[in-house]
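Right, one structure below, let's go through it.
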Protein chains: 2
Amino acid sequence: MHAGTVRRRHDTTAVNPRATHLSLALRHVAEASGQISRADIAARTGLNRSTASSLIDELITGGLVKETGATPRARAGRPATALALRDDGPAGLGVDVNVDYTAVCVVDLTGAVRYKHVVAVDQRGHTMTEILDRINTLSRAAHAAARADELTLCGSAIAVPGIVDRDRATVTLAPNLGWRDLAVTEVLPADVHGLLDNEANFAALSEPGLLHARASYLYVSGQIGVGAGIVLDGRLYRGTHGWSGEIGHLTVDRDGPPCPCGRRGCLERYAGQEAILRAAGVPSDPGTALGVRPTVALIADRARANDPATLAALTRAGQVLGATLAGCLNLLDLGHVVLGGIYRDLAPWIAPEVEREVATQFLGAPWARPTVEVATYGPEAPAIGAARSVIHDVIGDPLRWLNH
Amino acid sequence: MHAGTVRRRHDTTAVNPRATHLSLALRHVAEASGQISRADIAARTGLNRSTASSLIDELITGGLVKETGATPRARAGRPATALALRDDGPAGLGVDVNVDYTAVCVVDLTGAVRYKHVVAVDQRGHTMTEILDRINTLSRAAHAAARADELTLCGSAIAVPGIVDRDRATVTLAPNLGWRDLAVTEVLPADVHGLLDNEANFAALSEPGLLHARASYLYVSGQIGVGAGIVLDGRLYRGTHGWSGEIGHLTVDRDGPPCPCGRRGCLERYAGQEAILRAAGVPSDPGTALGVRPTVALIADRARANDPATLAALTRAGQVLGATLAGCLNLLDLGHVVLGGIYRDLAPWIAPEVEREVATQFLGAPWARPTVEVATYGPEAPAIGAARSVIHDVIGDPLRWLNH
DNA sequence: TTCGATTTGTTGCTGGGCACAACATACGGG
DNA sequence: CCCGTATGTTGTGCCCAGCAACAAATCGAA
């Protein structure tokens, strides 16, 4: 995880052992919350038992970890006292400014979603000031809700549909919002410094089980376009500029239909929302279509009604998507794909095709069969992932929280 | 860089500050060898001057770093004493077992190639024992040459064309050598523990300038197949199983010509050596073709003679390769490609096409124009990269060398 | 030339933090 | 009931980084 405001470009800076070990101990507690003892941490990290105890004590007095009583053990010996993350300590605020809705949520240290509020509104009909005002209002409400729930917001993160400059906390370009070079995090409450990232990237962090396990996977985030978040060893891979995961314009067929990007046969032209609509024979109606949800629901309805054209369109989209993803898996040697965004809602028809394509085209399949999973969260995924990224920064550097 | 035999799966182990800081100081010396002082290191790392001095002293007495006299400075103040890597300290042994040649080389701490020996021989005509014997003989010769040059071999690495299990130091499968589950590193001299990896991966590490700069790039290694080594932030990305970089079977055209892998229209069918040969109208002659070098030289000859069919084949191959690479760059947000293997020899005809495709298809091109570079080394690249990986392990953990 | 300013490198001191060992604690089992 | 076993705590010593003062070596200005 990115270390917040600390510009850790590479590991060229001196190391602070205490901070590193506090994070290490906390991470082990997070990965086995309620099932781990001081002695376990010592054994797993290689630290001495006394050192592990000292670290845990500091985390307990700091309000990040609690004891959950003694655990009955089968073996002989003194029973261990189990440790768990506190659910009433620091919490993260996540905001998602999408084209057709704005979402906020609060996630506590355990990763649980404690507050969630989604407002469906087409941003394209509003000015930038109105949008920012709405973010501010929703954030303050979330802030109040967190406080009422005995949580302390210790950071925030905003997901936007576009290109961001994380270091400058600025939205470089968000075409669908009409934003350019906008320091959007400034509208957040002053006491929570704001992180910023792409929706697909934050959405990739929303999966509950995967992050703790230091998993590597591709989170496919289908919206109007098709993007992906790349998680390697439990950390989001952002690329050299932060634009990683642009799979929507991978070429499926050099002689395929033209794409607004200037090329031909891009993945979006086969597996994007518009393409599926068109292939299903639904007249595209940008006037009334209020964005992702309703359109996707429409397709799903027709598929459930066994409309032949729709089913054929979904099968075709799944095949093309699966073939493209198989290529990505081959390039990166990943064995796991998560289908998010519209593909989550269309999973009954898309997922089997993706699974088949990936299973047959992944070169490592004979040794390690790749898995295809449906995302846990739908439209809330980016906001939840954003909030979770704040929590990950706390786990990555607990000292910042411990020092007030 | 991988920490050798130490199974550092993730950063779940305790940190040793002294070891980390020794590596940190050494890395800074390596990146600016001859142009850096103790005070510089202190400034760049954030360590105290006295600490930096202590670290450097330890590295000097350990034989890794030397002083190269005072540097005249423009500014006022005491002139700094420049530090540089020693070229007579530890060295790495690199071995490459290819289908049609075996190469060994020795690289010193500065990255300079101090010994190199390539034996052209078609391994397919020999038994496994013969091949292993040759590796052993060549390694002993390299060992003797290093000793005569006042170098101390402190490790070795073998590159093989196939799938390896690094943790077990075993070749899982090398079809063209007929190997399966072979612990090839055991034939190396006993005092150098052997690393193991794929040829494309090691070749990616052979580029001189790029590694020190913590660069991110894709090293395309065209041989009979097409592979790639992925370097992210100066570290080789190997994937979850170590099979990353398999771009040869990315789909270019779903309705293209069939491929032995069972799919259709794979990249190899357009930009692989065999495909270029066939498209150029050269009768494929596996009987006399002694592998990569001669065949590629043949194509290059015909291209130099302006043979229309060959030029068209190369143009087509470059276009398809470039388009595929652009997709990879978009997925990973990389801005740099290095053309190695056969593409290095065919660069005059391939590189411009790749450059054009990448420039037009890389989505970040308007903000950061991608660069296409021709590899520094040819067939020796895997062996040199292998040796260099040994050196990188020394720089990554100098304590192991300092403790004898 | 001389003296102050400036930067580099070294030395002695201090404190943080980890390992180690010994001990108290708390169970299971014969 | 006592022994073996495992957990957690306490006291001690050592490694190592930070700090400050000082010596060294140069530039620049008077």
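We use all heavy atoms of the structure for the numbers below, so side chains are in, but hydrogens, waters and symmetry mates are not. Throughout, protein chains are lettered first and strands after them, A, B, ... in sequence-line order, and every chain is numbered starting at 1.
Residues meeting the side chain to side chain contact (heavy atoms under 4.5 Å, CB included) test with Arg147(B), sequence neighbours left out: His143(B). Asp108(A) is linked by a salt bridge (charged side-chain N to carboxylate O under 4.0 Å, His left out) to Arg114(A), counting only residues two or more places apart in sequence or in another chain. For the side chain to side chain contact (heavy atoms under 4.5 Å, CB included) test, residues two or more places apart in sequence or in another chain that qualify with Ala25(A) are Ile41(A), Leu55(A), Ile56(A), Leu59(A). Looking at residues two or more places apart in sequence or on another chain, you find no salt bridge (charged side-chain N to carboxylate O under 4.0 Å, His left out) involving Arg78(B). Remark: His28(A) engages no residue in a side-chain hydrogen bond (donor to acceptor under 3.5 Å, both in side chains) (not counting sequence neighbours). Qualifying side chain to side chain contact (heavy atoms under 4.5 Å, CB included) partners for Ala157(A), counting only residues two or more places apart in sequence or in other chains: Leu195(A), Phe202(A), Ala386(A), Ser389(A), Val390(A). Take Asp88(B) and apply the side chain to side chain contact (heavy atoms under 4.5 Å, CB included) test, not counting sequence neighbours, and it matches Arg86(B). In this view, Thr68(B) satisfies the side-chain hydrogen bond (donor to acceptor under 3.5 Å, both in side chains) rule with no residue, not counting sequence neighbours.
For the OP1/OP2 pair of dT9(D) and a distance below 4.0 Å, the side-chain nitrogens and oxygens of Ser53(A) include at least one atom meeting the criterion. A sub-4.0 Å separation between OP1 or OP2 of dA17(D) and a side-chain N or O of His21(B) is present.
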(message) Generate the contact string for nucleotides 18-30 of chain D. Rules: B means base contact, S means sugar-phosphate contact only, - means no protein heavy atom under 4.0 Å.
(response) BB---BBBBS---

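Along DNA chain C, the nucleotide nearest to Ala80(B) and the one nearest to Pro17(A) differ in position, and the one closer to the 5' end is contacted by Ala80(B). Mapping Thr81(B) and Arg18(A) onto DNA chain C by nearest heavy atom places Thr81(B) closer to the 5' end of the strand.
The outermost nucleotides of DNA chain C lying under 4.0 Å from heavy atoms of chain B, listed 5' to 3', are dT6(C) to dT11(C).
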(request) Decide yes or no on side-chain contact (heavy atoms from CB on, under 4.5 Å) for Glu207(A) and Glu373(A), but give the supporting numbers first. (result) CA-CA 11 Å; Glu207(A) 283 301 302; Glu373(A) 198 177 301; 3.8 Å; yes

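dC15(D) atom C1' lies 13 Å from atom CG of Leu22(B), rounded to whole Å.
Not one N or O on the side chain of Tyr237(A) forms a donor-acceptor pair closer than 3.5 Å with the backbone of Leu232(B).
Among residues at least two apart or in separate chains, salt bridge (Lys or Arg N to Asp or Glu O under 4.0 Å) pairs with a member in residues 40-60 of chain B are Arg18(B)-Glu58(B), Arg38(B)-Asp57(B).
Listed by residue number, the members of residues 33-41 of chain A with any heavy atom below 4.0 angstrom from DNA chain D are Ser37(A), Arg38(A), Ala39(A).
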